[in-house]
2 protein chains.
Amino acid sequence: MPNDAKFAEIAALLGETTRATMLHALMDGRALTASELARAARVTPQTASNHLARMTAANLVCVSQQGRHRYYRLASPAVARLIENVMQVAFERHPASISFNTIATGPRDAAMRLARTCYDHLAGRLGVAITDALVEHHHLELTADAGWVTDSGAQLLQQIGIDWPNLSADRRNQSGRVLCRPCLDWSERRAHLAGALGSALCELAFQKDWIRRRTDTRAVMITPKGRRDFRAWFKVRLDD
Amino acid sequence: MPNDAKFAEIAALLGETTRATMLHALMDGRALTASELARAARVTPQTASNHLARMTAANLVCVSQQGRHRYYRLASPAVARLIENVMQVAFERHPASISFNTIATGPRDAAMRLARTCYDHLAGRLGVAITDALVEHHHLELTADAGWVTDSGAQLLQQIGIDWPNLSADRRNQSGRVLCRPCLDWSERRAHLAGALGSALCELAFQKDWIRRRTDTRAVMITPKGRRDFRAWFKVRLDD
DNA sequence: CCCATGTTTCGATGGCGGCCGAAGCATTCC
DNA sequence: GGAATGCTTCGGCCGCCATCGAAACATGGG
């Protein structure tokens with residue numbers, strides 16, 4: 001009932017390792033079954049079930065039944081953003097404690113560091129590299145809190161098959177610039193592309209088989225075709 | 001050490017009513033003493049001290065000593081944003097449970113609803129009204145994730161004494177548009193202005209005595225001069 | 001220097017909540 | 001229909017942590 005209580009309720013649900021692990025497993029945007037989540041968090045199914053029920057009640061995740069499986073996924077983009085935000089605060093640099101944080105805070109897995117999905121967009125070196133390349137070639141302008149696509153950027157997107165003006169139209173944009181959100185990547189500690197543009201780019205990359213999902217991980221593999229096309233379209237350099 | 005653990009650590013710190021209450025008390029951006037925070041959360045000083053020590057260690061708040069008082073404040077804007085984000089998820093509307101959430105979720109206090117500070121910017125009806133007026137008169141364009149100031153907006157800001165181009169210059173803005181972040185207000189459930197612009201406007205409003213702080217609350221009072229000038233400059237209507 | 005005030009440390013207590021075993025329900029496959 | 005699989009409910013155990021009293025420490029004032 002009081003504001004603070006509901007606030008604490010949500011935060012408390014995030015603030016427990018088992019649930020946190022499950023939520024992170026859902027951060028790639030896919031839906032996972034209760035047992036998969038139990039395995040991911042290394043707890044028994046009944047424990048997982050309990051956690052999932054509570055997170056469902058609090059609208060952190062939602063569930064859809066298919067046969068005898070129950071697929072759980074994050075309830076909304078806002079939840080994904082919230083999780084990102086906690087990560088950001090968790091790994092924010094602070095003058096006093098740099099020595100503690102500098103070592104081994106990023107994902108251990110090399111594949112994870114190279115390329116992974118972050119709810120609905122690309123993260124890791126690939127995500128950062130694409131974003132950097134777009135900025136470098138003036139297709140995109142980014143600030144700490146916001147970003148927008150330039151005219152040349154809109155043209156580029158059009159060519160690869162993203163109807164950007166149309167995409168951004170329903171968000172009351174009028175002047176052709178727009179709507180992407182920087183998202184701090186906690187392995188690279190660099191802004192990369194989230195928001196509508198990040199989502200559209202990620203979808204396109206799967207569709208064109210530039211990247212492929214791996215099983216049981218948020219890491220994605222970059223196909224040879226992807227390597228070529230990322231370079232051709234975005235002038236992305238991943239190998240130096 | 002593992003990512004999930006540090007994530008959970010931060011979230012767990014937010015997820016406890018006493019600490020949550022303290023953090024909310026700090027959301028107006030001011031620094032409060034340990035005893036003030038203890039009173040706000042209705043716990044003994046020693047309990048508060050314990051919580052504050054842990055939140056300081058986790059870089060959620062930071063402390064500066066003055067005499068025998070220790071003043072605590074939020075450690076960074078990122079923390080304030082995080083707290084806002086949790087509120088947003090906590091009060092997000094969900095088709096299934098609207099009937100529960102529609103009643104009495106906003107701040108009870110009428111003054112709070114009318115005008116209050118939200119870390120470093122204005123919220124409540126005043127914050128929303130200013131934002132609406134800016135958008136209506138095409139001084140500002142807002143989307144779900146981002147926003148920018150139009151040329152006419154930059155002119156208006158210049159007239160009231162905010163050097164907007166200069167303000168946004170250090171965030172690699174080149175084309176005069178820019179940098180403000182919508183922030184969902186959980187009493188009005190409407191976007192209002194945060195980010196650099198929100199902060200500058202709020203500061204200006206205090207400086208020009210359009211609004212004044214009240215003691216012991218985030219609510220601010222709007223002065224008669226404020227009422228006049230908000231109307232004159234921004235065409236804000238607060239009374240209908 | 002002594003007392004008042006603000007804050008922290010220590011130790012003990014109590015309660016909340018995560019966890020699993022056992023059992024029950026639902027769904028699918030044979 | 002019966003067995004297997006996926007998931008949930010129930011009950012009891014255990015550990016963690018919020019809380020407070022008591023006391024120590026720090027600062028400033030008289």
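Residue numbers start from 1 in every chain, and the chains themselves are labelled A, B, ... in the order their sequence lines are given, proteins ahead of strands.
Here dT8(C) presents its P atom at 12 Å from NE2 of His69(B), a figure rounded to the nearest Å. Rounded to an integer number of Å, the gap from Asn50(A) CG to dC19(C) P is 9 Å. In this structure, the CE atom of Met22(B) is 11 Å from the C1' atom of dA18(D), given to the nearest Å. For Leu52(B) and dG6(C), the CG to P distance is 16 Å, given to the nearest whole Å. Residue Met55(B) contributes atom CE, which lies 13 Å from atom C1' of dA18(D) at whole-angstrom precision. Straight-line distance from the CZ atom of Arg39(B) to the C1' atom of dG6(C): 11 Å, rounded to whole Å.
Remark: Arg68(B) is not in phosphate contact with dG29(D), judged by side-chain N or O atoms under 4.0 Å from OP1 or OP2. Taking side-chain N and O atoms only, Thr44(A) has no distance below 4.0 Å to OP1 or OP2 of dC19(C). For His51(B) and dC17(D), the shortest distance from a side-chain N or O to OP1 or OP2 is not below 4.0 Å. Between dT19(D) and Thr18(B), a contact under 4.0 Å exists linking OP1 or OP2 to a side-chain N or O. Regarding contacts with the backbone of dA18(D), every side-chain N or O of Thr47(B) stays at 4.0 angstrom or more from both OP1 and OP2. Residue Arg70(A) has a polar side-chain atom (N or O) positioned under 4.0 Å from OP1 or OP2 of dT8(D). For Arg42(B), no side-chain nitrogen or oxygen approaches OP1 or OP2 of dT19(D) to under 4.0 Å.
Interatomic distance, CG of Leu82(B) versus CG of Leu82(A), reported as 6.5 Å (0.5 Å rounding). The CG atom of Leu126(A) lies 6.5 Å from the CD1 atom of Ile211(A); values are rounded to the nearest 0.5 Å.
Residue Arg54(A) has its side chain nearest to dG18(C) when only dG18(C), dG6(D), dT8(D) are considered.
The heavy-atom pair separating Ala5(A) from Thr17(B) by the smallest distance is CA-CG2, 4.1 Å.
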Side-chain polar contacts of residues 43-57 of chain B - donor-acceptor pairs under 3.5 angstrom, sequence neighbours left out - could you list them?
unit_1	atom_1	unit_2	atom_2	d
Thr44(B)	OG1	Thr47(B)	OG1	3.1
His51(B)	ND1	Arg19(B)	NH1	3.1
Thr56(B)	OG1	Leu52(B)	O	2.6

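A donor-acceptor pair under 3.5 Å is absent between the side-chain atoms of Thr33(A) and the main chain of Tyr71(A), judged by distance alone.
Heavy-atom distances to DNA chain D give each of Gln65(B) and Tyr72(A) a nearest nucleotide, and the one nearer the 5′ end belongs to Tyr72(A). If Gln46(A) and Ala12(A) are placed on DNA chain C by their nearest nucleotide, the residue sitting closer to the 5' end is Ala12(A).
Evaluation of atom-type donor-acceptor distances gives no pair under 3.5 Å for the side chain of Glu16(A) against the base of dG18(C).
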